[in-house]
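Structure below; questions to follow.
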Amino acid sequence: MLISDGSVVYAEALWDHVTMDDEELGFKAGSVIEVMDATNKEWWWGRILDSEGWFPASFVRLRVNQDEPMEDCAIKAGDKDQDPRNVPRRNGFGPNNKDQMRTNVINEILNTEKHYIKHLKDICEGYIKQCRKRDDMFTEEQLWTIFGNIEDIYKFQKKFLKTLEKRINKESPHLSEIGSCFLEYQTDFQIYSEYCNNHPNACTELSKLSKAKKYVHFFETCRLLQKMIDISLDGFLLTPVQKICKYPLQLAELLKYTNPQHRDYTNVEAALDAMKNVARLINERKRRLENIDKIAQWQSSIEDWEGEDILTKSSELIHSGELTKISHQQPKGQQRIFFLFDHQIVYCKKDLLRRDILYYKGKMDMDDMEVVNVDDGKDRDFNITVKNAFKLQSKASEEIHLFLAKKPEHKQRWLQAFEEERKQVLLDKETGFSISEIQKKQAMINASKPQPAGKPKAVNRTYYDFWMKQKHPTLPANLPQQQVFMLAEPKRKPSNFWQNISRLTPFKK
């Protein structure tokens with residue numbers, strides 16, 4: 001409508017659009033694009049400075065306040081002498097009037113929230129409710145795989161919307177104080193982590209079902225009965241992923257139009273940081289879940305494994321390396337390779353002839369162990385002279401293990417790794433991170449699939465070298481915006497949904 005009546009409309013790029021096509025418009029995330037033709041719902045025609053072309057509509061969002069970009073684009077285009085006061089404005093307010101701009105953002109947050117609730121309701125009542133009536137077509141396990149915890153998200157979002165509406169000043173929306181609303185529910189938003197982690201499984205399951213016409217017809221009937229827009233079910237199920245990543249964008253814009261003297265400024269600033277942390281946590285949890293397949297594969301390559309699977313307690317490799325181990329049961333030093341995971345440390349022995357083959361020799365429960373730094377010199381417990389040493393001492397018994405590193409820096413790295421392991425365990429407890437039994441079981445099944453005939457069972461050389469060099473991966477304190485929000489990036493071509501996020505995994509070859 002705005003374009004057809006002659007108004008200038010601007011959109012902001014959410015993601016990079018890289019193209020080799022002369023007729024397409026390339027841009028970076030954050031670029032401001034003048035939208036010239038939006039008659040096609042999937043591809044719009046736009047302009048940036050002197051360049052024009054087609055671009056995917058899903059890669060941008062229309063600016064809430066259409067006034068500001070007109071000034072910015074004029075200046076960026078080189079028209080520095082143009083007075084912003086001479087730029088025509090549809091809404092009739094000046095560049096310094098942030099109240100109306102803040103009102104626009106507040107209204108957008110509220111309206112998109114109401115629309116999102118309607119969307120969740122349609123999925124829960126239009127699809128899930130109907131699927132449960134057809135136990136001849138769907139098992140409960142299938143429904144969980146497809147829809148995850150979206151019903152829990154629906155309940156939470158209704159509660160969040162009620163609180164949000166109470167914080168809106170209806171007479172003067174720009175005076176609304178909604179930052180505290182996001183802070184109040186920042187922990188609850190972590191419910192999205194489970195949904196985002198499960199989403200690839202949902203896509204896979206829907207892809208399988210779509211091969212049977214009866215499921216295609218069933219899902220289409222559900223959509224028509226609920227009077228939903230013409231989008232496939234997997235498109236509807238992507239919305240929660242996009243939604244959790246959109247909150248920081250909305251809060252950033254709200255902060256932009258909130259004066260520092262505004263009573264809501266501090267809370268909006270804190271809310272923006274909080275929602276960025278939620279997005280960061282979701283990315284980190286996804287990385288952890290991707291790691292379990294690698295860990296399961298590693299375990300399957302170890303000869304003579306005994307006891308419970310590594311995934312029973314652990315999901316993260318913290319550090320690994322060679323150490324000499326001494327105990328009262330084995331006073332003679334043994335050269336072993338140690339793998340420190342969260343909750344436990346596993347040690348193996350190299351094959352004498354084939355150094356890339358590892359034999360399982362044991363593991364220790366780190367929840368029961370205390371790390372003790374040992375000074376160079378005579379050790380009283382073992383009555384020997386040591387250098388670059390530390391101990392693991394049981395909290396419940398007199399069990400003590402002495403470890404010797406080759407160099408002082410190796411010892412310090414191990415001591416640091418033990419601290420990181422305890423911090424990781426504590427963080428997982430605080431955030432409620434866990435891996436479902438289904439995910440653990442599937443990872444072990446995938447890892448135990450038979451290898452090609454004639455191929456000896458051994459640690460893959462690439463994997464072995466990598467694990468030996470592995471350092472504890474850390475997520476940057478301030479992720480680039482496009483990396484934090486990559487979860488919701490639209491598909492350019494059919495591919496695995498989480499493929500781009502694989503760069504966060506520490507097991508990348």
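Remember, it's a predicted structure, so these values are computed and weren't measured experimentally. Note that the numbering runs from 1 along the sequence shown for the chain. FYI, side chains are in, hydrogens and waters are out, and symmetry mates aren't considered; it's all heavy atoms of this structure.
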Ring pair (Phe, Tyr, Trp, His ring centres under 6.0 Å), that's the test. Do His319 and Phe418 meet it? Break it down for me. CA-CA 9 Å; His319 187 58; Phe418 287 123; 8.8 Å; no
For the residue pair Ser207 and Thr204, confirm or rule out a side-chain donor-acceptor distance under 3.5 Å. no
Close side-chain approach of Arg288 and Asp428, heavy atoms under 4.5 Å: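 Yes, their side chains come closer than 4.5 Å.
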Here the gap from Leu183 atom CG to Asn267 atom CG, rounded to the nearest 0.5 Å, amounts to 5.5 Å
Show which side-chain atoms of residues 153-162 pair as donor or acceptor with protein atoms under 3.5 Å away, not counting sequence neighbours.
{"from": "Gln157", "atom 1": "OE1", "to": "Tyr192", "atom 2": "OH", "distance (Å)": "2.4"}
{"from": "Gln157", "atom 1": "NE2", "to": "Glu113", "atom 2": "OE2", "distance (Å)": "2.5"}
{"from": "Gln157", "atom 1": "NE2", "to": "Tyr247", "atom 2": "OH", "distance (Å)": "3.3"}

I'd like to know if the side chain of Ser397 reaches the main chain of Ser394, judged simply by a donor and an acceptor atom lying under 3.5 Å from each other, with no hydrogens or angles considered.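 Answer holds: no.
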Judged by modelled atom types alone, do Gln299 and Asp309 share a side-chain donor-acceptor pair under 3.5 Å?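 Indeed, the side chains of Gln299 and Asp309 share at least one donor-acceptor pair under 3.5 Å.
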Which value, rounded to the nearest 0.5 Å, describes the distance between Gln250 atom CD and Ile178 atom CD1?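 Reported to 0.5 Å precision, the distance equals 8.5 Å.
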Check whether Gln344 reaches the backbone of Ile310 with its side chain - one donor and one acceptor, N or O, closer than 3.5 Å. yes
Gap separating the CD atom of Gln186 from the CG atom of Leu281, nearest 0.5 angstrom: 11.5 Å
Glu269 meets the side chain to side chain donor-acceptor pair (under 3.5 Å) criterion, sequence neighbours left out, with none
Side-chain donor/acceptor of Asn259 to backbone N/O of Gln261, under 3.5 Å: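 Checked: no pair found.
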Are the side chain of Asn149 and the backbone of Ile191 linked by a donor-acceptor contact shorter than 3.5 Å?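 Yes; at least one donor-acceptor contact below 3.5 Å.
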Does the side chain of Arg167 pick up a donor-acceptor pair with the side chain of Ser176 at under 3.5 Å? no
Interatomic distance, NE2@His343 vs CD@Glu421, rounded to 0.5 Å, equals 7.0 Å
Close side-chain approach of Leu358 and Phe339, heavy atoms under 4.5 Å: yes
So, Thr145 versus Asn201: side-chain donor-acceptor pair below 3.5 Å or not? no
Against the six-membered ring of Tyr347, is Lys325 placed for a cation-pi contact (under 6.0 Å from the centre, within 45° of the normal)? yes
Side-chain donor/acceptor of Asp376 to backbone N/O of Asn388, under 3.5 Å: yes
If we only count heavy atoms from C-beta on, is the Ile400 to Leu392 side-chain gap below 4.5 Å? no
Are Asn277 and Arg280 close enough that a side-chain donor and a side-chain acceptor fall under 3.5 Å?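 Indeed, the side chains of Asn277 and Arg280 share at least one donor-acceptor pair under 3.5 Å.
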Over all atoms of both residues, closest heavy-atom pair of Cys245 and Pro248: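 Minimum heavy-atom separation between Cys245 and Pro248: O-CD, 3.5 Å.
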Does Glu409 have more than 12 heavy atoms from other residues, nucleotides or ligands lying within 6.0 Å of its CD?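 Check passes, neighbour count above 12.
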Looking only at side-chain N and O atoms, does Gln142 offer a donor or acceptor that is under 3.5 Å from a partner on Glu205? yes
So Val268 and His262, do their side chains get closer than 4.5 Å, heavy atoms only? no
Would you say the side chains of Thr239 and His119 form a donor-acceptor pair under 3.5 Å?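 Looking only at side-chain atoms, His119 and Thr239 do form a donor-acceptor pair, the distance falling under 3.5 Å.
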Of all residues at least two apart in sequence or in a different chain, which pass the ring pair (Phe, Tyr, Trp, His ring centres under 6.0 Å) check with Tyr265? none
Applying side chain to side chain donor-acceptor pair (under 3.5 Å), name anything that partners Lys411, two or more places apart in sequence or on another chain.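 If we apply the side chain to side chain donor-acceptor pair (under 3.5 Å) test to Lys411, skipping adjacent residues, the hits are Asn373.
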Using a cut-off of 6.0 Å, state whether more than 12 heavy atoms not belonging to Lys166 lie near its atom NZ. no
In terms of relative ring orientation, are Phe55 and Phe27 parallel, tilted or perpendicular, with 30° and 60° separating the classes?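 Rings of Phe55 and Phe27: perpendicular, as their planes differ by over 60°.
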Ser300 versus Ala447, closest heavy-atom pair with distance: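 For Ser300 versus Ala447, the nearest heavy atoms are OG-O, 3.5 Å.
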Side chain to side chain, Val346 and Cys348, heavy atoms closer than 4.5 Å: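 Yes, their side chains come closer than 4.5 Å.
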Atom CZ of Arg263 with >12 non-hydrogen neighbours under 6.0 angstrom: no
I'd like to check Ser232 versus Leu206 (side-chain heavy atoms, cut-off strictly below 4.5 Å). Are they in contact?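 The answer is no, as the side chains (C-beta and beyond) never meet within the 4.5 Å cut-off.
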Checking the side chain of Gln334 only, and the main-chain atoms of Thr324 only, is there a donor and an acceptor separated by less than 3.5 Å? no
Rounded to the nearest 0.5 Å, what's the gap from NZ on Lys440 to CG on Leu289? Could you check?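 One gets 11.0 Å once the value is rounded to the nearest 0.5 Å.
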Compare every heavy atom of Ile292 with every heavy atom of Ser315, then report the nearest pair and how far apart it is.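 Answer, listing the atom of Ser315 first, then Ile292: CB-CG2, 4.2 Å.
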Stepwise side chain to side chain contact (heavy atoms under 4.5 Å, CB included) test for Ile357 and Lys350: CA-CA 6 Å; Ile357 296 180; Lys350 289 182 181 179; over 6 Å; no
Quick test of your reading of the model: are Lys423 and Glu420 salt-bridged, counting only N-O distances below 4.0 Å? no
Is the shortest side-chain heavy-atom distance between Leu209 and Ile146 below 4.5 Å? yes
Which residues share a side chain to side chain donor-acceptor pair (under 3.5 Å) with Asp379, sequence neighbours left out: Lys391
Pair Glu194-Asn198, side-chain donor/acceptor within less than 3.5 Å: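 Distance-only check fails for Glu194 and Asn198.
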If you count every heavy atom of other residues, nucleotides or ligands that lies below 6.0 Å from Glu308 atom CD, does the total exceed 12? yes
Check this for me, if you would: do Glu151 and Arg132 make a salt bridge, where the nitrogen-to-carboxylate-oxygen distance has to be below 4.0 angstrom? yes
If every non-hydrogen atom of Ala296 is compared with every non-hydrogen atom of Ala443, which pair is closest and at what distance?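 Looking at all heavy atoms of both residues, the shortest contact is CB-O, 3.5 Å.
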Where do His199 and Asp234 come nearest, in terms of heavy atoms and distance?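 Nearest pair, atom of His199 first, then Asp234: NE2-O, 4.4 Å.
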Which class fits the ring pair Trp298 and Phe341: parallel under 30°, tilted 30 to 60°, perpendicular over 60°?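 Judged by the thresholds at 30° and 60°, the geometry between Trp298 and Phe341 is tilted.
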Any side-chain heavy-atom pair from Met369 and Asp365 closer than 4.5 angstrom?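 Not touching, per the 4.5 Å side-chain cut-off.
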Under 4.0 Å between a side-chain nitrogen and a carboxylate oxygen: does that hold for Glu253 and Arg61? yes
For Gln416 and Gln412, which I'm curious about, is there any donor-acceptor pair between the side chains at under 3.5 Å?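 Distance-only check fails for Gln416 and Gln412.
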Evaluation steps, side chain to side chain donor-acceptor pair (under 3.5 Å), between Tyr215 and Ser210: CA-CA 6 Å; Tyr215 287 101; Ser210 66; over 6 Å; no
Parallel, tilted or perpendicular, as decided by the 30° and 60° cut-offs, for the rings of Phe219 and Phe138: tilted
Qualifying ring-ring contact (aromatic ring centres under 6.0 Å, His included) pairs, either residue in residues 350-378, two or more places apart: Trp305-Tyr360
Does the separation of the ring centres of Tyr195 and Phe147 fall below 6.0 angstrom? no
Spacing of CD1 belonging to Ile435 relative to CG belonging to Leu311, to within rounding of 0.5 Å: 6.5 Å
Any side-chain to backbone donor/acceptor pair from Thr112 onto Glu108? Under 3.5 Å, distance only. yes
Would you name the heavy atoms of Ile244 and Cys196 that are closest together and state the gap between them? CG2-SG, 4.4 Å
